[in-house]
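Structure in structure tokens, see below.
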Amino acid sequence: MTPPSPLASRLDFIAPFHVMSLLEQARQLEQQGHDVIHMEIGEPDFGTPPAIIQAGMAALQAGHTGYSPALGLPALREAIAEDYARRFGVQVPARRIVITAGASGALLLALAALVSPGKEVLLSDPAYPCNRHFVHLLEGRAVNLPVGPESQYQLTADHLAQHWSADTVAALVATPSNPTGTLLSAEALAALNTAALARGGRLIVDEIYQGLVYDQAAHTALAQSDQLFVINSFSKYFQMTGWRLGWLVVPEAYLDAVNRLAQNIFIAASTPAQHAALAAFQPDTLRLLEQRRLELKSRRDALLPMLQQLGFRINSQPQGAFYVYADCSTLAGDSEALSARLLQQAHVAITPGIDFGQHRAREHVRFAYTVQVPRLEQMAERLRKAL
């Protein structure tokens with residue numbers, strides 16, 4: 001008889017990605033010869049810019065395959081600091097920039113520095129699911145606060161005033177956000193940061209879609225304060241998803257703690273990926289990325305009226321990232337069942353709202369406009385027939 005296998009109780013709070021089951025079904029359909037339009041995964045169809053790939057190959061050929069310092073290559077930390085100064089006029093000392101194994105690594109470091117067992121982190125619902133799962137991984141408590149179009153699906157300073165408790169240590173927000181694509185204004189970020197600091201806590205700001213903003217200039221929370229944590233990534237704007245490289249901007253008081261955590265958890269981020277990322281800030285690369293940003297904007301502008309004509313409601317205009325969070329309640333009673341049906345009948349893969357929380361989750365689906373406009377038009381025609 002096989003003995004029982006020990007399983008940590010923290011796994012009771014960590015749910016699987018429902019979209020991964022849909023993705024597996026989509027791949028099975030493709031193996032059967034069907035053409036599936038993928039709008040479920042947050043990965044555009046552009047590919048990493050050529051200059052970054054060439055820099056990565058050159059790094060390998062030059063033998064840059066050993067460990068880097070735990071906090072990252074000094075040259076890359078300096079390049080990021082210079083980018084903040086150039087794009088946003090914000091002076092961020094390179095010593096406060098920590099290179100991480102993706103934005104997930106940055107989030108883990110920030111939370112590990114703040115969250116003790118039983119302590120709370122305030123998050124929005126809906127939100128990216130790994131945020132709450134990381135809190136549970138550290139044996140903290142994720143307090144998921146329902147948000148809707150009245151606050152652009154974002155936490156506000158009033159949320160913090162109402163829900164901050166003696167056990168709360170941080171609030172986590174994202175701008176642009178996943179799944180809604182909405183933004184926090186500079187004024188809202190300043191108010192959130194003030195509210196957190198006044199209660200003895202910290203604000204963590206996820207800016208991994210920074211740069212992918214369409215109707216206004218991009219900005220950074222670092223312009224408001226040097227007392228908050230900012231998470232960023234080379235995955236989305238710089239289109240380096242598989243390279244697994246991100247960074248964390250750390251308040252001065254937490255540098256030693258984050259350094260010790262990085263040394264023990266990761267040793268260091270990928271050295272070839274760090275050398276490759278140095279090319280992300282070259283003028284030719286930035287020009288290409290701007291062209292791609294405009295392409296994403298054109299996709300958003302094409303997709304929104306298509307979805308509205310099909311009967312989806314867009315309760316808050318997405319201003320960034322590459323997602324539309326659509327209310328499907330007039331079309332179906334359950335977004336999970338609707339997503340499964342549209343995959344099987346229309347061969348269109350989208351993400352049900354249950355991946356992002358509980359608040360009205362079964363009334364919403366997320367569309368990722370990660371395919372070209374002709375494919376969006378095909379998607380709309382297929383959904384029109386299926387619906």
Side-chain angles (χ1 to χ4, degrees), residues 6-18 100 102-148 151 153-175 177-180 184 188-189 191-208 221 227-231 246 248 250-251 253-254 257-258 260-262 264-265 353-362 364:
L7 189 64
S9 60
R10 66 176 60 88
L11 285 163
D12 295 340
F13 299 96
I14 299 177
F17 271 127
H18 295 89
T100 61
S104 297
L107 177 60
L108 181 58
L109 290 178
L111 291 174
L114 292 166
V115 179
S116 298
K119 296 301 182 181
E120 297 177 350
V121 177
L122 305 183
L123 307 103
S124 62
D125 179 355
Y128 181 59
C130 287
N131 295 346
R132 63 181 183 268
H133 293 160
F134 273 32
V135 176
H136 291 305
L137 180 67
L138 295 164
E139 300 184 346
R141 180 168 174 260
V143 180
N144 304 302
L145 305 179
V147 293
S151 67
Y153 295 96
Q154 295 279 3
L155 292 185
T156 66
D158 286 342
H159 285 114
L160 272 58
Q162 293 170 24
H163 297 281
W164 201 282
S165 77
D167 288 326
T168 308
V169 294
L172 171 58
V173 296
T175 178
S177 69
N178 176 11
T180 64
L184 283 161
L189 285 166
L192 283 161
N193 185 58
T194 298
L197 290 175
R199 291 163 175 79
R202 296 284 171 158
L203 181 67
I204 306 170
V205 184
D206 173 350
E207 294 186 346
I208 72 169
Q227 296 301 309
L228 42 72
F229 289 82
V230 166
I231 295 165
L248 176 68
V250 183
Y254 288 88
V258 169
R260 284 184 281 135
L261 287 165
N264 283 277
I265 297 174
I354 56 171
D355 259 350
F356 307 106
Q358 297 182 339
H359 179 55
R360 297 189 61 197
R362 292 193 179 274
H364 290 81

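What's counted below: heavy atoms across the whole structure, side chains too, no hydrogens, waters or symmetry copies.
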Residues at least two apart in sequence or cross-chain that pass side-chain contact (heavy atoms from CB on, under 4.5 Å) with A221, listed by chain then number, are L189, V205, E207, L228, V230
Any heavy-atom pair between the side chains of I265 and L108 that's under 4.5 Å?
yes
How far apart are the closest heavy atoms of A106 and I231, and which atoms are they?
CB-CG2, 3.9 Å
Could I get the full list of side chain to side chain donor-acceptor pair (under 3.5 Å) partners for R360, not counting sequence neighbours?
D327, E363
Applying side chain to side chain donor-acceptor pair (under 3.5 Å) to N178 and not counting sequence neighbours gives R366
According to side chain to side chain donor-acceptor pair (under 3.5 Å), who are the partners of R202, at least two apart in sequence or on a separate chain?
Q227
Quick one: salt bridge (charged side-chain N to carboxylate O under 4.0 Å, His left out) pairs with a partner in residues 122-133, sequence neighbours left out?
none
Interatomic distance, L123 atom CG to H163 atom NE2 [nearest 0.5 angstrom]:
12.5 Å
Taking only residues two or more places apart in sequence or in another chain, which ones pass side-chain contact (heavy atoms from CB on, under 4.5 Å) with D355?
F17, H18, V19, T351
Within a strict 4.5 Å, meaning less than it, do heavy atoms of the V173 and L192 side chains meet?
yes
For F356, what residues pass the ring-ring contact (aromatic ring centres under 6.0 Å, His included) criterion, not counting sequence neighbours?
none
With salt bridge (charged side-chain N to carboxylate O under 4.0 Å, His left out) as the rule and sequence neighbours excluded, what pairs involving residues 163-174 come up?
K119-D167
Applying side-chain contact (heavy atoms from CB on, under 4.5 Å), can you list everything that pairs with L11, at least two apart in sequence or on another chain?
L7
Taking S124 for the side chain and A127 for the main chain, is one N or O donor matched with an acceptor at less than 3.5 Å?
no
Minimal non-hydrogen separation, S104 against F134, with atom names:
O-CE2, 3.2 Å
Using every non-hydrogen atom in the two residues, find where S177 and A174 come nearest and quote the distance to one decimal.
CB-O, 3.5 Å
Is there side-chain contact between L114 and I204, with at least one heavy-atom pair below 4.5 Å?
yes
Holding to side-chain contact (heavy atoms from CB on, under 4.5 Å), I want the full list of residues that pass it with A171, two or more places apart in sequence or in another chain.
L122, L160, W164, L203
Just wondering, do L145 and L155 contact through their side chains at under 4.5 Å, heavy atoms?
yes
Here the gap from N131 atom CG to L172 atom CG, rounded to the nearest 0.5 Å, amounts to 4.5 Å
For residues 135-144, dump all side-chain donor-acceptor pairs below 3.5 Å to protein atoms at least two apart in sequence or in another chain.
from: E139; atom 1: OE2; to: R10; atom 2: NH2; distance (Å): 3.3
from: R141; atom 1: NH1; to: E120; atom 2: OE2; distance (Å): 2.7

Residue list, ring-ring contact (aromatic ring centres under 6.0 Å, His included) with Y128, at least two apart or on another chain
none
Mark yes or no for whether T100, through its side chain, and G102, through its backbone, hold a donor-acceptor pair below 3.5 Å.
yes
Would a 4.5 Å heavy-atom cut-off, applied to side chains only, mark H159 and S151 as touching?
yes
